[in-house]
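Chain letters run A, B, ... following the sequence lines, proteins first, then strands; residues in each count from 1.
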2 protein chains.
Amino acid sequence: MITSTEEDYIKAIFNISQSGKRELVGTNQIAEQMSTTAASVTDMLRKLSNKEMILYEKYKGVKLSPSGTAKAMSLLRKHRLWESFLVEKLGFAWDEVHDIAEQLEHIQSLELVDRLDKYLGYPKFDPHGDPIPDPHGTITIRNQIVLSTMEDESVGIVVGVKKHDKDFLHHLNQVGINIGTEIKLIHKYSYDQSIKLLVNNKEEALLTSKVCENIFLKKIK
Amino acid sequence: MITSTEEDYIKAIFNISQSGKRELVGTNQIAEQMSTTAASVTDMLRKLSNKEMILYEKYKGVKLSPSGTAKAMSLLRKHRLWESFLVEKLGFAWDEVHDIAEQLEHIQSLELVDRLDKYLGYPKFDPHGDPIPDPHGTITIRNQIVLSTMEDESVGIVVGVKKHDKDFLHHLNQVGINIGTEIKLIHKYSYDQSIKLLVNNKEEALLTSKVCENIFLKKIK
DNA sequence: AAATAAATTTAGACAAATCTAAAAATAATT
DNA sequence: AATTATTTTTAGATTTGTCTAAATTTATTT
């Protein structure tokens with residue numbers, strides 16, 4: 001058996017290895033992600049290594065083993081399906097569901113996840129536009145570009161976001177941006193890379209480059 | 001904060017005090033219910049007493065304090081709402097949902113429970129016919145009688161069951177009995193108190209007295 | 001290459017929840 | 001009322017996940 005805490009570490013390792021460039025993940029990186037100390041991480045790495053969930057060499061770093069990766073995909077699947085349920089069926093906003101899904105993803109029952117998947121109509125993406133792994137861990141890849149790389153006059157539909165924290169999502173809500181929103185790029189200011197754009201052919205908005213780097217779109221013009 | 005394990009103990013104390021006759025619950029009773037030892041129970045009782053969830057006198061027994069009772073009702077509400085969701089929305093059978101709901105009831109979020117309640121249409125009873133407490137802990141009492149006390153020729157609708165274990169519920173499935181099933185009592189044999197009855201005006205069935213003591217009905221004739 | 005800085009691991013300790021075995025208190029029986 | 005029997009509690013040990021402080025290894029800088 002694997003404990004809830006061990007699952008959290010596996011998720012952290014997966015997330016870091018996805019976002020970072022290096023193949024191996026460091027102890028301090030995990031410690032920061034988990035809001036704990038490097039010493040605690042080392043203890044846990046030894047345990048996960050004994051259970052063959054990770055490949056671990058002292059002082060060098062870790063990466064997920066095949067079974068660790070499978071576990072991470074299973075957690076991702078559960079997390080994203082529950083987020084979809086909370087938004088689609090219970091009417092939560094996309095910036096309110098992360099903490100609840102964080103708890104729900106630890107519920108043990110394959111039957112439950114598969115039935116939830118069916119009930120939701122086998123969605124391919126969650127409320128933040130992240131792909132939902134199927135029962136075999138396969139993910140649908142989408143053709144998307146980052147808002148900050150688009151050119152003047154081009155038009156796109158928002159399909160996802162890179163950051164998931166409440167503050168960022170709440171800011172997007174305030175300027176009227178959500179999944180499915182149409183965006184027309186009016187002008188990118190070369191001075192600071194900030195972007196003026198038209199939201200849903202109605203409202204104008206100005207986004208800093210920092211924000212634009214975290215928004216994914218499907219280009220339609 | 002209260003841990004998941006502490007919540008399990010509170011539920012156990014509540015369940016025992018409901019089913020039994022005495023006001024105070026004994027250490028051994030709790031140990032049996034939780035599948036643990038009396039020593040472990042004593043340790044936990046001291047903790048729950050410090051948190052003022054229970055009223056505890058050494059060697060005498062325990063009962064829930066007002067805040068302990070409120071916590072028990074909250075857990076009961078969550079458990080029964082999740083069971084309703086699993087059966088009504090995800091299509092599970094009533095004998096498959098207990099273990100999953102046992103995990104789901106520990107999810108922390110008042111907002112989630114209240115939204116789930118609304119999504120289900122504010123049900124008053126769960127798939128086993130047990131009453132679902134409202135947000136204030138209030139329960140709807142139903143006018144029900146036990147099958148073993150009914151007389152020949154009388155007719156009723158099954159509204160609940162006293163036992164919830166898989167084996168018992170599965171046996172009821174096999175003879176075609178569920179919540180809402182109409183039952184006509186053909187004859188009660190005085191020899192062993194077993195009962196012959198007509199299920200949904202179609203099938204005949206013979207139930208032992210042990211089984212009949214655990215089925216609740218609303219009398220309609 | 002030696003010295004300093006940074007990252008990582010070990011050592012030892014702590015709180016939560018559990019256990020076994022032994023002691024103490026209460027209940028039942030003669 | 002004295003003696004068993006039962007129930008409950010204490011004492012001491014174990015496991016999991018965590019911590020601080022110290023030691024060790026790797027990386028960087030002079």
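Of the N and O atoms on the side chains of B/H98 and B/E83, not one donor lies less than 3.5 Å from an acceptor on the other residue. No side-chain N or O of A/H170 forms a donor-acceptor pair with one of A/D165 less than 3.5 Å apart. No donor-acceptor contact under 3.5 angstrom links the side chains of A/H164 and A/D95, judged on distance only. A donor-acceptor contact closer than 3.5 angstrom links the side chains of A/W94 and A/N173.
As rounded to whole Å, 12 Å separates atom P of C/dT9 from atom NZ of A/K60. Atom pair A/L45:CG and C/dT8:C1' shows a separation of 10 Å (rounding to whole Å applied). Atom-to-atom, CE of A/M44 to P of C/dT10 comes out at 16 Å; the value is rounded to the nearest Å. For B/M1 and C/dA16, the CE to P distance is 13 Å, given to the nearest whole Å.
Comparing B/G61 and A/T5 by the nucleotide of DNA chain D that holds the closest heavy atom to each, the one mapping nearer the 5' end is B/G61.
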Under 3.5 Å, side-chain donor or acceptor atoms of residues 51-58 of chain B against the rest of the protein: list the pairs with distances, not counting sequence neighbours.
unit_1 : atom_1 : unit_2 : atom_2 : d
B/K51  : NZ     : B/M1   : O      : 2.9
B/K51  : NZ     : B/E6   : OE1    : 3.0
B/K51  : NZ     : B/E6   : OE2    : 3.0

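Between A/Y59 and C/dA6 there is no side-chain polar atom (N or O) within less than 4.0 angstrom of OP1 or OP2. Under 4.0 angstrom from either OP1 or OP2 of C/dT9 there lies no side-chain N or O belonging to A/R46.
Of the charged side-chain nitrogens involved, none lies within less than 4.0 Å of a carboxylate oxygen, so that B/E151 and B/K188 do not count as a salt-bridged pair. Between B/R77 and B/D134, none of the side-chain N atoms (NZ, or NE/NH1/NH2) sits under 4.0 Å from a carboxylate O, so this pair counts as no salt bridge. Salt bridge present: B/E23 and B/K63 bring a charged side-chain N and a carboxylate O closer than 4.0 Å.
Across residues 27-43 of chain B, B/T36, B/T37, B/A39, B/S40, B/D43 each have a non-hydrogen atom less than 4.0 Å from an atom of DNA chain C (numbered order). Listed by residue number, there are no residues of residues 48-57 of chain B with a heavy-atom contact under 4.0 Å to DNA chain C.
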